[in-house]
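Each remark here refers to the structure printed beneath this line.
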Amino acid sequence: MPAPPPARPRNRGVYLLPNLFTTGGLFAGYYAIIAATQGRYEFACIAVFIAALLDGVDGRVARLTNTQSEFGVQYDSLADLISFGLAPSLLMYHWALDSLRLDGVTPGKIGWIAAFLYAACAALRLARFNSQVGQVDKRWFIGLASPAAAGLVASFVWTCVSLGLDGRALRYVALAVTVVAALLMVSRLRYYSFKASGPRNDRLPFLAIIVVLAVLIGIAIYPPGVLLAICAAYALAGPMHSVVRRVRRAPAESAP
């Protein structure tokens, strides 16, 4: 009886699909850096959000097509470092933090150090996330995710530019936003990841659909302001959740 023919190896060309989305996000992040250095801040902010959108798509495409790979995970992290680490930090630096040197040598140094702090915290956040994959509850992020932090920075700059506000006048506000976003990324605060698994994961209440539609309409009307409100609310959700947990825990610990 003749032996059965050997199984054909799986076509690895399909692995190109999720990596194309990752490359697109990397391109958007790189373009954001170029646009920021040229003073085209609105285009830079839009590019950061395009990178965030593509970053959310590549993982879902990999899961849907069953093309997850260690290469894709590492490539995605390197692309995220450019798009959500370097791009937002340089965007904020060129828009506002560079003008701190107008106040003296020391404030000028603080400006570029704050920009570097953001990039370094983004790298640390990504490294911690990769090292803890499979060890933490997938429903929660530990620390503010780098795309969310980048969205906070980009939406802040975008809103100010759309309102005609000069980065030099808001340089200390920009400094505070940069440092807070950086520290939230490396904090131990928990943020809901919207990745809860289970058979009911795809089911949403009717009210949630209405809220999503309202948000989409708001983004269509005034993208920078609505995105800033969403990103700021999500960034504040971590500290608020921590406070609520401590308040609920206090009576139980004080009970005899």
Side-chain angles (χ1 to χ4, degrees), residues 6-36 44-91 118-154 181-182 184-188 190-199 201-202 227 230-231 234 238:
R8 295 180 59 184
R10 180 171 180 161
N11 183 13
R12 293 186 178 274
V14 72
Y15 287 88
L16 180 64
L17 184 59
N19 291 327
L20 280 178
F21 286 99
T22 304
T23 303
L26 175 61
F27 176 82
Y30 185 79
Y31 174 81
I33 295 175
I34 299 299
C45 296
I46 294 174
V48 170
F49 279 103
I50 292 176
L53 178 63
L54 293 175
D55 179 67
V57 170
D58 61 1
R60 293 184 180 274
V61 169
R63 288 189 292 271
L64 288 174
T65 58
N66 195 24
T67 55
Q68 303 98 319
S69 66
E70 184 63 24
F71 172 83
V73 172
Q74 301 303 325
Y75 183 39
D76 182 70
S77 293
L78 293 173
D80 287 353
L81 179 58
I82 301 296
S83 300
F84 310 129
L86 291 179
S89 66
L90 292 175
L91 168 63
Y118 181 93
C121 288
L124 292 171
R125 171 67 178 80
L126 291 167
R128 185 175 66 183
F129 176 80
N130 288 344
S131 65
Q132 293 180 346
V133 171
Q135 301 178 9
V136 296
D137 192 343
K138 292 184 178 181
R139 295 176 302 172
W140 302 95
F141 289 131
I142 305 301
L144 184 63
S146 57
L152 176 62
V153 171
L184 285 177
M185 280 191 287
V186 295
S187 69
R188 300 296 300 177
R190 298 204 306 175
Y191 288 87
Y192 191 67
S193 68
F194 302 99
K195 294 182 180 180
S197 59
N201 189 34
D202 296 330
L227 289 172
I230 294 173
C231 293
Y234 185 71

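The structure presented is a predicted model; accordingly, all values stated were derived computationally and were not measured.
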Return the minimal non-hydrogen interatomic distance between Ala51 and Gly25, and the atom names on each side.
CB-O, 3.5 Å
Contacts table for residues 144-152: side-chain donor-acceptor under 3.5 angstrom, sequence neighbours left out:
none

Could you list the residues that satisfy ring-ring contact (aromatic ring centres under 6.0 Å, His included) with Tyr234, not counting sequence neighbours?
Tyr191
Close side-chain approach of Asp55 and Phe84, heavy atoms under 4.5 Å
yes
Ignoring hydrogens, what is the shortest heavy-atom contact between Ile142 and Arg190? Give both atom names and the distance.
CD1-CG, 4.0 Å
Rounded to the nearest 0.5 Å, what's the gap from CG on Leu126 to CE on Met185? Could you check?
8.5 Å
Taking C-beta and beyond as the side chain, do Phe141 and Arg125 meet within less than 4.5 Å on heavy atoms?
yes
When every non-hydrogen atom of Ser89 is compared with those of Gly85, the smallest separation belongs to OG-O, 3.1 Å
Quick one: pull up CG in Asp76 and CG in Asp80 and give me the separation to the nearest 0.5 Å.
4.5 Å
Taking ring-ring contact (aromatic ring centres under 6.0 Å, His included) as the test, write out the residues that go with Tyr75, two or more places apart.
Phe71
Quick one: CD1 on Ile82 to CD1 on Ile33, what's the gap to the nearest 0.5 Å?
5.5 Å
OH on Tyr118 to CG on Leu86, rounded to 0.5 Å
10.0 Å
Can you name the closest pair of heavy atoms from Ala36 and Ala44 and give their distance?
N-CB, 4.0 Å
State, to 0.1 Å, how close Ala154 and Leu91 come at their nearest heavy-atom pair, and which atoms those are.
CA-CD2, 4.1 Å
To the nearest 0.5 Å, tell me how far Glu70 CD sits from Asn130 CG.
8.0 Å
Specify the closest pair of heavy atoms between Val48 and Ala32, including all atoms of both residues, with the distance to one decimal.
CG2-CB, 3.9 Å
